[in-house]
Amino acid sequence: MASLLSSSCPSSSSSSLLRNGSSALAMRVILPHSPEFLGLRRGKPTAILAAAAAGGKRYWGTAIREEKLAEMIEKKVAEAMEACEGEALGSEGCRVAWDEVEEVSMAKADLRRRIADSGADPLEHFCQGNPDADECRIYED
Amino acid sequence: MAVCSAYASPSLRTPCSIHPTGSTQHLIFFTGDPRRPPRRPPVSCSAESNTVVIGLAADSGCGKSTFMRRLTSVFGGAAAPPKGGNPDSNTLISNSTTVICLDDYHSLDRTGRKEQGVTALDPRANNFDLMYEQVKALKEGKPVEKPIYNHVTGLLDPPELIKPPKILVIEGLHPMFDARVRSLLDFSVYLDISNEVKFAWKIQRDMAERGHSLESIKASIEARKPDFNAYIDPQKQYADCVIEVLPTELIPDDNEGKVLRVRLVMKEGVKHFSPVYLFDEGSTISWIPCGRKLTCSYPGIKFFYGPDAYYDHEVSVLEMDGQFDRLDELIYVESHLSSLSTKFYGEVTQQMLKHADFPGSSNGTGLFQTVVGLKIRDLFEQIIAEKSAAPVEASKV
(Lines give C-alpha, C1' and ligand atoms only; values in the text may rest on other atoms or scores of the structure.)
Protein backbone atom coordinates (compact mmCIF):
# COMPACT_ATOMS: atom_id res chain seq x y z
CA MET A 1 0.00 0.00 0.00
CA ALA A 2 1.44 3.32 -1.03
CA SER A 3 2.66 5.32 1.91
CA LEU A 4 0.33 8.27 2.18
CA LEU A 5 2.82 11.02 2.31
CA SER A 6 5.79 9.52 0.56
CA SER A 7 7.80 11.74 -1.70
CA SER A 8 8.02 9.17 -4.45
CA CYS A 9 5.44 10.92 -6.60
CA PRO A 10 6.81 14.41 -6.98
CA SER A 11 4.34 15.45 -9.59
CA SER A 12 1.20 14.50 -7.68
CA SER A 13 -0.58 16.89 -5.45
CA SER A 14 -1.13 15.81 -1.88
CA SER A 15 -4.83 15.32 -2.39
CA SER A 16 -4.30 12.90 -5.26
CA LEU A 17 -1.81 10.97 -3.14
CA LEU A 18 -4.47 10.57 -0.50
CA ARG A 19 -6.99 9.52 -3.09
CA ASN A 20 -4.65 6.87 -4.50
CA GLY A 21 -3.94 5.53 -1.05
CA SER A 22 -7.54 5.23 -0.10
CA SER A 23 -8.88 3.78 -3.37
CA ALA A 24 -7.40 0.49 -2.24
CA LEU A 25 -9.46 0.92 0.90
CA ALA A 26 -12.65 0.91 -1.10
CA MET A 27 -11.89 -2.64 -2.20
CA ARG A 28 -12.66 -4.08 1.18
CA VAL A 29 -14.17 -2.79 4.35
CA ILE A 30 -11.45 -1.70 6.69
CA LEU A 31 -12.48 -0.45 10.06
CA PRO A 32 -10.74 2.74 11.14
CA HIS A 33 -9.32 1.13 14.23
CA SER A 34 -7.75 -1.81 12.42
CA PRO A 35 -3.98 -1.81 11.75
CA GLU A 36 -4.57 -2.04 8.00
CA PHE A 37 -5.97 1.48 8.11
CA LEU A 38 -3.19 2.82 5.95
CA GLY A 39 -0.46 1.50 8.15
CA LEU A 40 -1.51 3.21 11.32
CA ARG A 41 -0.78 1.77 14.68
CA ARG A 42 -3.50 0.11 16.70
CA GLY A 43 -5.68 2.41 18.66
CA LYS A 44 -7.47 5.54 17.67
CA PRO A 45 -5.83 8.93 17.51
CA THR A 46 -6.75 10.45 20.83
CA ALA A 47 -7.05 13.95 19.42
CA ILE A 48 -9.89 12.78 17.23
CA LEU A 49 -11.61 11.12 20.14
CA ALA A 50 -11.49 14.36 22.05
CA ALA A 51 -12.86 16.26 19.09
CA ALA A 52 -15.61 13.73 18.52
CA ALA A 53 -16.50 13.92 22.16
CA ALA A 54 -16.74 17.68 21.82
CA GLY A 55 -19.38 17.10 19.19
CA GLY A 56 -17.37 18.45 16.28
CA LYS A 57 -17.55 16.73 12.95
CA ARG A 58 -14.19 15.45 11.78
CA TYR A 59 -13.28 14.79 8.20
CA TRP A 60 -11.15 11.81 7.39
CA GLY A 61 -8.61 14.09 5.72
CA THR A 62 -7.98 16.02 8.93
CA ALA A 63 -7.78 12.88 11.05
CA ILE A 64 -5.23 11.37 8.71
CA ARG A 65 -3.11 14.52 8.64
CA GLU A 66 -3.03 14.67 12.42
CA GLU A 67 -1.98 11.08 12.80
CA LYS A 68 0.58 11.21 10.04
CA LEU A 69 2.18 14.39 11.34
CA ALA A 70 2.41 12.95 14.84
CA GLU A 71 4.12 9.86 13.47
CA MET A 72 6.48 11.95 11.37
CA ILE A 73 7.55 13.99 14.37
CA GLU A 74 8.47 10.85 16.27
CA LYS A 75 10.29 9.38 13.32
CA LYS A 76 12.19 12.54 12.42
CA VAL A 77 13.26 13.25 16.01
CA ALA A 78 14.75 9.76 16.15
CA GLU A 79 16.48 10.33 12.80
CA ALA A 80 17.85 13.67 13.97
CA MET A 81 19.21 12.24 17.22
CA GLU A 82 20.98 9.62 15.19
CA ALA A 83 22.26 12.06 12.56
CA CYS A 84 23.83 14.23 15.26
CA GLU A 85 25.60 11.53 17.23
CA GLY A 86 29.21 12.11 18.16
CA GLU A 87 31.32 13.57 15.36
CA ALA A 88 28.31 14.37 13.24
CA LEU A 89 27.09 17.04 15.68
CA GLY A 90 26.86 20.32 13.78
CA SER A 91 27.26 18.64 10.40
CA GLU A 92 25.06 19.37 7.43
CA GLY A 93 23.06 16.19 7.88
CA CYS A 94 22.48 16.99 11.53
CA ARG A 95 21.20 20.49 10.81
CA VAL A 96 18.92 19.35 7.98
CA ALA A 97 17.49 16.59 10.18
CA TRP A 98 16.52 19.02 12.95
CA ASP A 99 15.15 21.45 10.38
CA GLU A 100 12.79 18.69 9.24
CA VAL A 101 11.72 18.10 12.83
CA GLU A 102 11.00 21.81 13.18
CA GLU A 103 8.98 21.84 9.95
CA VAL A 104 6.69 18.97 10.90
CA SER A 105 6.37 20.18 14.51
CA MET A 106 5.24 23.55 13.20
CA ALA A 107 2.80 21.92 10.77
CA LYS A 108 1.33 19.79 13.57
CA ALA A 109 1.03 22.75 15.93
CA ASP A 110 -0.67 24.74 13.20
CA LEU A 111 -3.16 21.95 12.52
CA ARG A 112 -3.88 21.65 16.23
CA ARG A 113 -4.50 25.37 16.43
CA ARG A 114 -6.79 25.40 13.41
CA ILE A 115 -8.84 22.56 14.85
CA ALA A 116 -9.04 24.19 18.28
CA ASP A 117 -9.75 27.69 17.01
CA SER A 118 -12.67 27.55 14.69
CA GLY A 119 -14.62 24.56 15.97
CA ALA A 120 -15.18 23.71 12.34
CA ASP A 121 -12.85 21.29 10.66
CA PRO A 122 -9.97 22.93 8.76
CA LEU A 123 -11.13 21.04 5.67
CA GLU A 124 -14.63 22.56 5.92
CA HIS A 125 -14.19 24.98 3.01
CA PHE A 126 -12.58 22.41 0.80
CA CYS A 127 -15.21 19.78 1.59
CA GLN A 128 -18.11 22.11 0.91
CA GLY A 129 -16.85 22.37 -2.62
CA ASN A 130 -15.73 18.76 -2.93
CA PRO A 131 -18.14 16.63 -0.89
CA ASP A 132 -17.20 13.51 -2.85
CA ALA A 133 -13.48 13.70 -2.15
CA ASP A 134 -12.06 10.88 -0.05
CA GLU A 135 -10.65 13.38 2.38
CA CYS A 136 -14.18 14.57 3.07
CA ARG A 137 -15.60 11.32 4.34
CA ILE A 138 -16.79 11.71 7.87
CA TYR A 139 -14.41 10.11 10.29
CA GLU A 140 -16.27 7.71 12.52
CA ASP A 141 -14.99 5.81 15.50
CA MET B 1 4.51 24.10 -15.66
CA ALA B 2 3.25 26.31 -18.49
CA VAL B 3 1.64 29.45 -17.25
CA CYS B 4 -0.58 31.16 -19.76
CA SER B 5 -0.30 34.85 -19.10
CA ALA B 6 -3.72 35.76 -20.42
CA TYR B 7 -4.80 38.83 -18.53
CA ALA B 8 -8.43 38.46 -19.38
CA SER B 9 -9.44 37.81 -15.82
CA PRO B 10 -12.42 39.99 -14.93
CA SER B 11 -11.08 40.22 -11.45
CA LEU B 12 -8.16 42.33 -12.52
CA ARG B 13 -8.64 45.59 -10.73
CA THR B 14 -6.14 47.64 -12.58
CA PRO B 15 -6.42 48.73 -16.18
CA CYS B 16 -3.17 48.06 -17.93
CA SER B 17 -2.02 50.36 -20.67
CA ILE B 18 0.58 49.79 -23.33
CA HIS B 19 3.77 51.47 -22.40
CA PRO B 20 4.65 54.21 -23.23
CA THR B 21 1.42 55.71 -24.57
CA GLY B 22 -0.16 55.48 -21.17
CA SER B 23 -3.66 56.51 -22.12
CA THR B 24 -5.07 53.60 -24.12
CA GLN B 25 -6.37 50.58 -22.30
CA HIS B 26 -5.76 47.17 -23.80
CA LEU B 27 -5.83 43.64 -22.62
CA ILE B 28 -2.94 41.64 -23.94
CA PHE B 29 -3.40 37.95 -24.60
CA PHE B 30 -0.35 35.78 -24.63
CA THR B 31 -0.47 32.30 -26.06
CA GLY B 32 2.65 31.03 -24.49
CA ASP B 33 5.19 29.12 -26.50
CA PRO B 34 5.23 25.83 -24.53
CA ARG B 35 8.96 25.47 -25.06
CA ARG B 36 9.66 28.75 -23.35
CA PRO B 37 8.12 29.96 -20.11
CA PRO B 38 6.49 33.35 -20.76
CA ARG B 39 8.72 36.24 -19.75
CA ARG B 40 7.38 39.46 -18.31
CA PRO B 41 5.19 41.07 -20.98
CA PRO B 42 5.88 44.64 -22.13
CA VAL B 43 2.83 46.02 -20.34
CA SER B 44 2.90 48.53 -17.58
CA CYS B 45 -0.04 49.23 -15.39
CA SER B 46 -1.27 52.65 -14.48
CA ALA B 47 -0.80 54.04 -11.01
CA GLU B 48 -4.29 52.87 -10.12
CA SER B 49 -2.65 49.66 -8.92
CA ASN B 50 -2.68 50.43 -5.25
CA THR B 51 -1.07 47.33 -3.87
CA VAL B 52 0.94 48.10 -0.79
CA VAL B 53 3.52 45.46 0.07
CA ILE B 54 4.46 44.66 3.64
CA GLY B 55 7.27 42.31 4.59
CA LEU B 56 7.18 40.32 7.81
CA ALA B 57 10.16 38.27 8.91
CA ALA B 58 9.21 35.63 11.43
CA ASP B 59 10.47 32.19 12.33
CA SER B 60 7.10 30.98 13.46
CA GLY B 61 5.56 29.57 10.32
CA CYS B 62 3.37 31.36 7.84
CA GLY B 63 0.05 33.07 8.12
CA LYS B 64 -0.40 31.18 11.31
CA SER B 65 1.38 33.69 13.41
CA THR B 66 -0.69 35.73 15.75
CA PHE B 67 0.72 38.88 14.23
CA MET B 68 -0.89 38.08 10.90
CA ARG B 69 -4.23 37.43 12.48
CA ARG B 70 -4.13 40.70 14.41
CA LEU B 71 -3.00 42.59 11.33
CA THR B 72 -5.76 41.28 9.08
CA SER B 73 -8.25 42.00 11.86
CA VAL B 74 -7.20 45.66 12.00
CA PHE B 75 -8.05 45.94 8.33
CA GLY B 76 -11.33 44.20 8.91
CA GLY B 77 -12.56 40.78 8.06
CA ALA B 78 -11.14 37.44 8.96
CA ALA B 79 -8.40 35.98 6.84
CA ALA B 80 -9.04 32.49 5.53
CA PRO B 81 -7.33 30.10 3.13
CA PRO B 82 -8.44 30.46 -0.50
CA LYS B 83 -11.79 28.73 -1.00
CA GLY B 84 -11.92 25.57 -3.00
CA GLY B 85 -8.22 25.35 -3.73
CA ASN B 86 -5.50 23.17 -2.30
CA PRO B 87 -6.50 22.54 1.33
CA ASP B 88 -2.83 22.71 2.32
CA SER B 89 -2.38 26.18 0.87
CA ASN B 90 -0.44 28.58 3.09
CA THR B 91 -2.10 31.67 1.68
CA LEU B 92 -4.58 33.71 3.69
CA ILE B 93 -7.08 36.03 2.06
CA SER B 94 -9.37 38.59 3.61
CA ASN B 95 -11.34 41.29 1.81
CA SER B 96 -8.43 43.73 1.73
CA THR B 97 -5.36 41.67 2.53
CA THR B 98 -3.59 38.70 1.06
CA VAL B 99 -0.86 37.01 3.06
CA ILE B 100 1.65 35.02 1.10
CA CYS B 101 3.93 32.53 2.78
CA LEU B 102 7.44 32.79 1.41
CA ASP B 103 7.98 29.06 1.91
CA ASP B 104 6.00 28.78 -1.32
CA TYR B 105 9.14 30.02 -3.07
CA HIS B 106 11.24 27.09 -1.93
CA SER B 107 13.22 25.89 -4.90
CA LEU B 108 13.91 22.58 -3.19
CA ASP B 109 11.32 20.37 -1.56
CA ARG B 110 12.04 18.40 1.59
CA THR B 111 13.74 15.56 -0.27
CA GLY B 112 15.73 17.98 -2.40
CA ARG B 113 16.96 19.86 0.67
CA LYS B 114 18.02 16.61 2.30
CA GLU B 115 19.94 15.59 -0.81
CA GLN B 116 21.70 18.93 -1.08
CA GLY B 117 22.30 19.18 2.63
CA VAL B 118 20.59 22.58 3.03
CA THR B 119 18.01 23.68 5.55
CA ALA B 120 14.95 25.77 4.66
CA LEU B 121 16.77 28.73 6.21
CA ASP B 122 19.46 28.57 3.55
CA PRO B 123 19.01 30.96 0.62
CA ARG B 124 20.03 28.13 -1.70
CA ALA B 125 16.70 26.46 -0.94
CA ASN B 126 14.73 29.47 -2.13
CA ASN B 127 13.97 30.93 -5.55
CA PHE B 128 14.48 34.66 -5.07
CA ASP B 129 14.14 35.38 -8.78
CA LEU B 130 10.60 34.03 -8.79
CA MET B 131 9.82 35.74 -5.51
CA TYR B 132 10.90 39.09 -6.93
CA GLU B 133 9.09 38.56 -10.20
CA GLN B 134 5.79 37.65 -8.59
CA VAL B 135 5.80 40.24 -5.81
CA LYS B 136 6.60 42.85 -8.44
CA ALA B 137 3.77 41.61 -10.66
CA LEU B 138 1.29 41.70 -7.78
CA LYS B 139 2.45 45.17 -6.81
CA GLU B 140 1.79 46.27 -10.37
CA GLY B 141 -1.69 44.84 -10.23
CA LYS B 142 -1.15 41.63 -12.19
CA PRO B 143 -2.33 38.23 -10.93
CA VAL B 144 0.23 35.47 -10.59
CA GLU B 145 0.27 31.68 -10.45
CA LYS B 146 2.15 31.14 -7.26
CA PRO B 147 3.61 27.74 -6.34
CA ILE B 148 2.46 26.05 -3.14
CA TYR B 149 4.86 24.44 -0.73
CA ASN B 150 2.97 21.78 1.18
CA HIS B 151 4.30 21.63 4.76
CA VAL B 152 2.53 18.36 5.44
CA THR B 153 3.92 16.36 2.53
CA GLY B 154 7.08 18.42 2.07
CA LEU B 155 6.38 18.69 -1.66
CA LEU B 156 5.84 21.52 -4.10
CA ASP B 157 2.19 21.40 -5.17
CA PRO B 158 0.63 22.83 -8.37
CA PRO B 159 0.35 26.62 -8.26
CA GLU B 160 -2.65 28.67 -7.17
CA LEU B 161 -3.89 31.90 -8.69
CA ILE B 162 -3.24 34.97 -6.58
CA LYS B 163 -5.05 38.15 -7.54
CA PRO B 164 -3.47 41.48 -6.59
CA PRO B 165 -4.93 42.67 -3.29
CA LYS B 166 -4.97 46.11 -1.71
CA ILE B 167 -2.46 44.97 0.87
CA LEU B 168 -0.01 42.21 0.16
CA VAL B 169 1.88 40.79 3.10
CA ILE B 170 4.82 38.54 2.41
CA GLU B 171 5.63 36.56 5.48
CA GLY B 172 8.40 34.10 6.10
CA LEU B 173 12.07 33.65 6.74
CA HIS B 174 13.50 35.78 3.93
CA PRO B 175 11.32 38.77 3.05
CA MET B 176 14.24 41.18 3.32
CA PHE B 177 17.06 38.92 2.23
CA ASP B 178 17.07 39.78 -1.46
CA ALA B 179 17.81 43.41 -2.29
CA ARG B 180 15.35 43.49 -5.20
CA VAL B 181 12.49 42.18 -3.06
CA ARG B 182 13.45 44.68 -0.35
CA SER B 183 13.05 47.50 -2.84
CA LEU B 184 9.41 46.46 -3.37
CA LEU B 185 8.49 46.62 0.30
CA ASP B 186 6.57 49.66 1.49
CA PHE B 187 7.10 48.63 5.09
CA SER B 188 8.91 45.82 6.82
CA VAL B 189 8.71 44.24 10.26
CA TYR B 190 11.09 41.81 11.91
CA LEU B 191 9.95 39.65 14.84
CA ASP B 192 13.02 39.09 16.97
CA ILE B 193 12.41 36.41 19.58
CA SER B 194 15.23 35.87 22.05
CA ASN B 195 16.58 32.38 22.55
CA GLU B 196 15.21 31.96 26.06
CA VAL B 197 11.71 32.91 24.98
CA LYS B 198 11.98 30.72 21.87
CA PHE B 199 12.90 27.79 24.07
CA ALA B 200 9.98 28.41 26.43
CA TRP B 201 7.52 28.74 23.53
CA LYS B 202 8.76 25.63 21.79
CA ILE B 203 8.40 23.69 25.03
CA GLN B 204 4.80 24.83 25.24
CA ARG B 205 4.26 23.97 21.62
CA ASP B 206 6.00 20.60 21.36
CA MET B 207 6.16 18.89 24.74
CA ALA B 208 2.73 17.32 24.28
CA GLU B 209 3.86 15.59 21.11
CA ARG B 210 5.02 11.98 21.13
CA GLY B 211 8.68 11.92 20.26
CA HIS B 212 9.59 15.29 21.69
CA SER B 213 11.41 15.83 24.94
CA LEU B 214 13.32 18.69 26.55
CA GLU B 215 16.50 17.34 24.97
CA SER B 216 15.05 17.15 21.49
CA ILE B 217 13.65 20.67 21.70
CA LYS B 218 16.97 22.01 22.97
CA ALA B 219 18.93 20.13 20.30
CA SER B 220 16.57 21.40 17.62
CA ILE B 221 17.12 25.03 18.62
CA GLU B 222 20.89 24.61 18.87
CA ALA B 223 21.11 22.94 15.46
CA ARG B 224 19.09 25.75 13.91
CA LYS B 225 21.26 28.55 15.30
CA PRO B 226 24.14 28.62 12.77
CA ASP B 227 21.85 28.97 9.73
CA PHE B 228 19.55 31.34 11.56
CA ASN B 229 22.40 33.64 12.58
CA ALA B 230 23.96 33.53 9.13
CA TYR B 231 20.89 34.07 6.97
CA ILE B 232 17.87 35.25 8.93
CA ASP B 233 19.13 37.44 11.75
CA PRO B 234 21.02 39.95 9.55
CA GLN B 235 17.70 41.00 7.98
CA LYS B 236 16.98 42.92 11.19
CA GLN B 237 19.06 45.84 10.02
CA TYR B 238 16.77 46.43 7.04
CA ALA B 239 13.50 46.35 8.95
CA ASP B 240 11.55 49.57 9.48
CA CYS B 241 10.32 48.16 12.72
CA VAL B 242 11.60 45.36 14.97
CA ILE B 243 9.58 43.71 17.71
CA GLU B 244 11.98 42.20 20.21
CA VAL B 245 10.62 39.65 22.66
CA LEU B 246 12.79 39.08 25.69
CA PRO B 247 12.46 37.49 29.11
CA THR B 248 11.04 39.74 31.79
CA GLU B 249 13.27 41.72 34.12
CA LEU B 250 10.53 42.03 36.71
CA ILE B 251 10.78 38.48 38.00
CA PRO B 252 14.26 37.29 38.96
CA ASP B 253 15.25 33.98 37.36
CA ASP B 254 11.97 33.61 35.48
CA ASN B 255 12.21 30.80 32.97
CA GLU B 256 8.58 30.16 32.19
CA GLY B 257 8.46 32.78 29.51
CA LYS B 258 4.96 33.82 30.48
CA VAL B 259 5.77 37.38 31.53
CA LEU B 260 7.62 39.11 28.73
CA ARG B 261 9.61 42.22 28.05
CA VAL B 262 8.76 43.46 24.59
CA ARG B 263 10.58 46.25 22.77
CA LEU B 264 9.17 48.04 19.77
CA VAL B 265 12.15 49.42 17.86
CA MET B 266 10.97 51.97 15.31
CA LYS B 267 13.22 53.48 12.66
CA GLU B 268 13.16 57.25 12.37
CA GLY B 269 12.71 58.89 9.03
CA VAL B 270 10.66 56.16 7.39
CA LYS B 271 8.14 57.53 4.92
CA HIS B 272 4.52 57.42 6.12
CA PHE B 273 5.56 56.01 9.50
CA SER B 274 5.45 58.07 12.67
CA PRO B 275 6.76 56.20 15.70
CA VAL B 276 4.60 55.76 18.78
CA TYR B 277 5.84 57.69 21.77
CA LEU B 278 5.23 58.20 25.45
CA PHE B 279 4.52 61.69 26.79
CA ASP B 280 7.29 63.64 25.07
CA GLU B 281 8.62 62.64 21.69
CA GLY B 282 12.38 62.23 21.53
CA SER B 283 12.91 62.32 25.27
CA THR B 284 13.68 59.41 27.56
CA ILE B 285 10.89 58.23 29.81
CA SER B 286 10.67 55.50 32.40
CA TRP B 287 7.10 54.89 33.46
CA ILE B 288 5.39 52.60 35.94
CA PRO B 289 1.66 53.16 35.50
CA CYS B 290 0.76 51.20 38.65
CA GLY B 291 0.29 53.48 41.63
CA ARG B 292 -2.44 55.55 43.11
CA LYS B 293 -4.68 55.76 40.07
CA LEU B 294 -4.13 52.23 38.83
CA THR B 295 -3.63 49.11 40.91
CA CYS B 296 -1.82 46.27 39.21
CA SER B 297 -1.21 42.76 40.42
CA TYR B 298 2.22 41.14 40.51
CA PRO B 299 4.55 41.58 38.66
CA GLY B 300 3.05 44.82 37.43
CA ILE B 301 3.83 46.84 34.32
CA LYS B 302 6.86 48.92 33.44
CA PHE B 303 7.31 51.12 30.37
CA PHE B 304 10.34 52.71 28.83
CA TYR B 305 10.61 55.07 25.89
CA GLY B 306 13.66 56.69 24.38
CA PRO B 307 15.83 57.36 21.35
CA ASP B 308 18.56 54.90 20.46
CA ALA B 309 20.80 53.69 17.67
CA TYR B 310 20.16 50.33 15.99
CA TYR B 311 22.60 49.08 13.35
CA ASP B 312 23.67 52.65 12.65
CA HIS B 313 20.11 53.89 12.28
CA GLU B 314 18.36 56.36 14.52
CA VAL B 315 15.46 54.64 16.23
CA SER B 316 12.89 55.23 18.92
CA VAL B 317 12.26 52.40 21.31
CA LEU B 318 9.07 51.80 23.23
CA GLU B 319 9.34 49.00 25.73
CA MET B 320 6.80 47.21 27.90
CA ASP B 321 7.68 44.71 30.61
CA GLY B 322 4.97 42.85 32.52
CA GLN B 323 1.41 42.01 31.80
CA PHE B 324 -2.11 43.36 31.72
CA ASP B 325 -4.46 41.75 34.16
CA ARG B 326 -7.52 43.86 33.72
CA LEU B 327 -9.21 45.87 31.04
CA ASP B 328 -8.73 49.18 32.83
CA GLU B 329 -4.95 48.69 32.85
CA LEU B 330 -5.01 48.43 29.07
CA ILE B 331 -7.23 51.49 28.64
CA TYR B 332 -5.06 53.46 31.04
CA VAL B 333 -1.91 52.60 29.11
CA GLU B 334 -3.52 53.37 25.76
CA SER B 335 -4.64 56.77 26.99
CA HIS B 336 -1.06 57.74 27.76
CA LEU B 337 0.52 56.61 24.49
CA SER B 338 0.75 59.07 21.61
CA SER B 339 0.86 58.76 17.83
CA LEU B 340 -0.91 55.41 17.85
CA SER B 341 -2.71 56.09 14.53
CA THR B 342 -6.01 54.99 16.01
CA LYS B 343 -9.22 56.25 14.45
CA PHE B 344 -10.93 56.61 17.78
CA TYR B 345 -9.97 56.59 21.42
CA GLY B 346 -9.86 53.05 22.73
CA GLU B 347 -9.29 51.36 19.37
CA VAL B 348 -6.19 49.55 20.59
CA THR B 349 -8.10 48.22 23.59
CA GLN B 350 -10.98 47.20 21.39
CA GLN B 351 -8.70 45.27 19.04
CA MET B 352 -6.97 43.56 21.95
CA LEU B 353 -10.29 42.56 23.47
CA LYS B 354 -11.56 41.26 20.16
CA HIS B 355 -8.79 38.70 20.24
CA ALA B 356 -8.40 38.17 23.96
CA ASP B 357 -7.89 34.46 23.29
CA PHE B 358 -4.84 35.03 21.08
CA PRO B 359 -1.45 34.42 22.65
CA GLY B 360 0.19 37.62 23.86
CA SER B 361 -3.06 39.38 24.59
CA SER B 362 -2.00 40.25 28.08
CA ASN B 363 1.46 41.56 27.33
CA GLY B 364 3.56 43.71 25.03
CA THR B 365 3.51 41.25 22.14
CA GLY B 366 -0.22 41.66 21.61
CA LEU B 367 -0.10 45.38 22.32
CA PHE B 368 2.74 46.14 19.93
CA GLN B 369 1.50 43.82 17.22
CA THR B 370 -1.82 45.66 17.35
CA VAL B 371 -0.06 49.05 17.28
CA VAL B 372 2.06 48.00 14.30
CA GLY B 373 -1.13 46.84 12.59
CA LEU B 374 -2.61 50.29 13.07
CA LYS B 375 0.59 51.90 11.80
CA ILE B 376 0.44 49.75 8.68
CA ARG B 377 -3.16 50.79 8.12
CA ASP B 378 -2.11 54.42 8.45
CA LEU B 379 0.75 53.89 6.03
CA PHE B 380 -1.59 52.27 3.54
CA GLU B 381 -4.05 55.14 3.70
CA GLN B 382 -1.31 57.71 3.28
CA ILE B 383 0.08 55.93 0.23
CA ILE B 384 -3.37 55.70 -1.34
CA ALA B 385 -4.04 59.35 -0.69
CA GLU B 386 -0.68 60.26 -2.19
CA LYS B 387 -1.24 58.19 -5.30
CA SER B 388 -4.70 59.49 -6.01
CA ALA B 389 -3.53 63.06 -5.58
CA ALA B 390 -0.82 62.82 -8.22
CA PRO B 391 -0.96 60.08 -10.87
CA VAL B 392 2.47 58.61 -11.34
CA GLU B 393 3.90 56.58 -14.21
CA ALA B 394 4.50 53.05 -13.12
CA SER B 395 8.08 51.91 -13.16
CA LYS B 396 9.41 50.32 -16.31
CA VAL B 397 9.07 46.59 -16.58
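Since the model is a prediction, treat every value here as computed from it, not as a measurement. Values below: all heavy atoms of this structure, side chains included; hydrogens, waters and symmetry mates excluded. In what follows, every chain begins at residue 1, and chains take the letters A, B, ... in the order their sequences are listed.
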May I ask you to say whether [X] pairs ionically with [Y], meaning some side-chain N is under 4.0 Å from a carboxylate O?
{"X": "K198(B)", "Y": "E102(A)", "answer": "no"}
{"X": "R113(B)", "Y": "E103(A)", "answer": "yes"}
{"X": "K114(B)", "Y": "E92(A)", "answer": "no"}

Would you mind checking which part of [X] comes under 4.5 Å of any heavy atom in chain B, side chain (CB onward), backbone (N, CA, C, O), both or neither?
{"X": "A70(A)", "answer": "both"}
{"X": "K75(A)", "answer": "neither"}
{"X": "V77(A)", "answer": "side chain"}

- Message: Can you confirm whether S105(A) sits close enough to H212(B) that some side-chain heavy atom of one is under 4.5 Å from a side-chain heavy atom of the other?
- Response: yes
- Query: Does the side chain of S220(B) come within less than 4.5 Å of E100(A)'s, by heavy atoms?
  - Reply: no
Side chain, backbone, both or neither of [X] within contact of chain A (heavy atoms, under 4.5 Å):
{"X": "P82(B)", "result": "neither"}
{"X": "A80(B)", "result": "side chain"}
{"X": "R224(B)", "result": "side chain"}
{"X": "D227(B)", "result": "side chain"}
{"X": "F228(B)", "result": "neither"}
{"X": "K225(B)", "result": "neither"}
{"X": "Q116(B)", "result": "backbone"}

- Message: salt bridge (charged side-chain N to carboxylate O under 4.0 Å, His left out), that's the test. Do R112(A) and E209(B) meet it? Break it down for me.
- Response: CA-CA 11 Å; R112(A) 232 186 304 131; E209(B) 296 297 336; 2.9 Å; yes
- Query: Mind checking which of residues 350-360 of chain B sit less than 4.5 Å from chain A, heavy atom to heavy atom?
  - Reply: none
- Minimum heavy-atom distance between D99(A) and A120(B), given as atom pair plus value: OD2-N, 2.7 Å
- Please report the closest heavy-atom contact between S216(B) and M81(A), naming both atoms and the distance. CB-CE, 4.0 Å
- Query: Between the side chain of R65(A) and the main-chain N/O of D88(B), is any donor-acceptor distance below 3.5 Å?
  - Reply: no
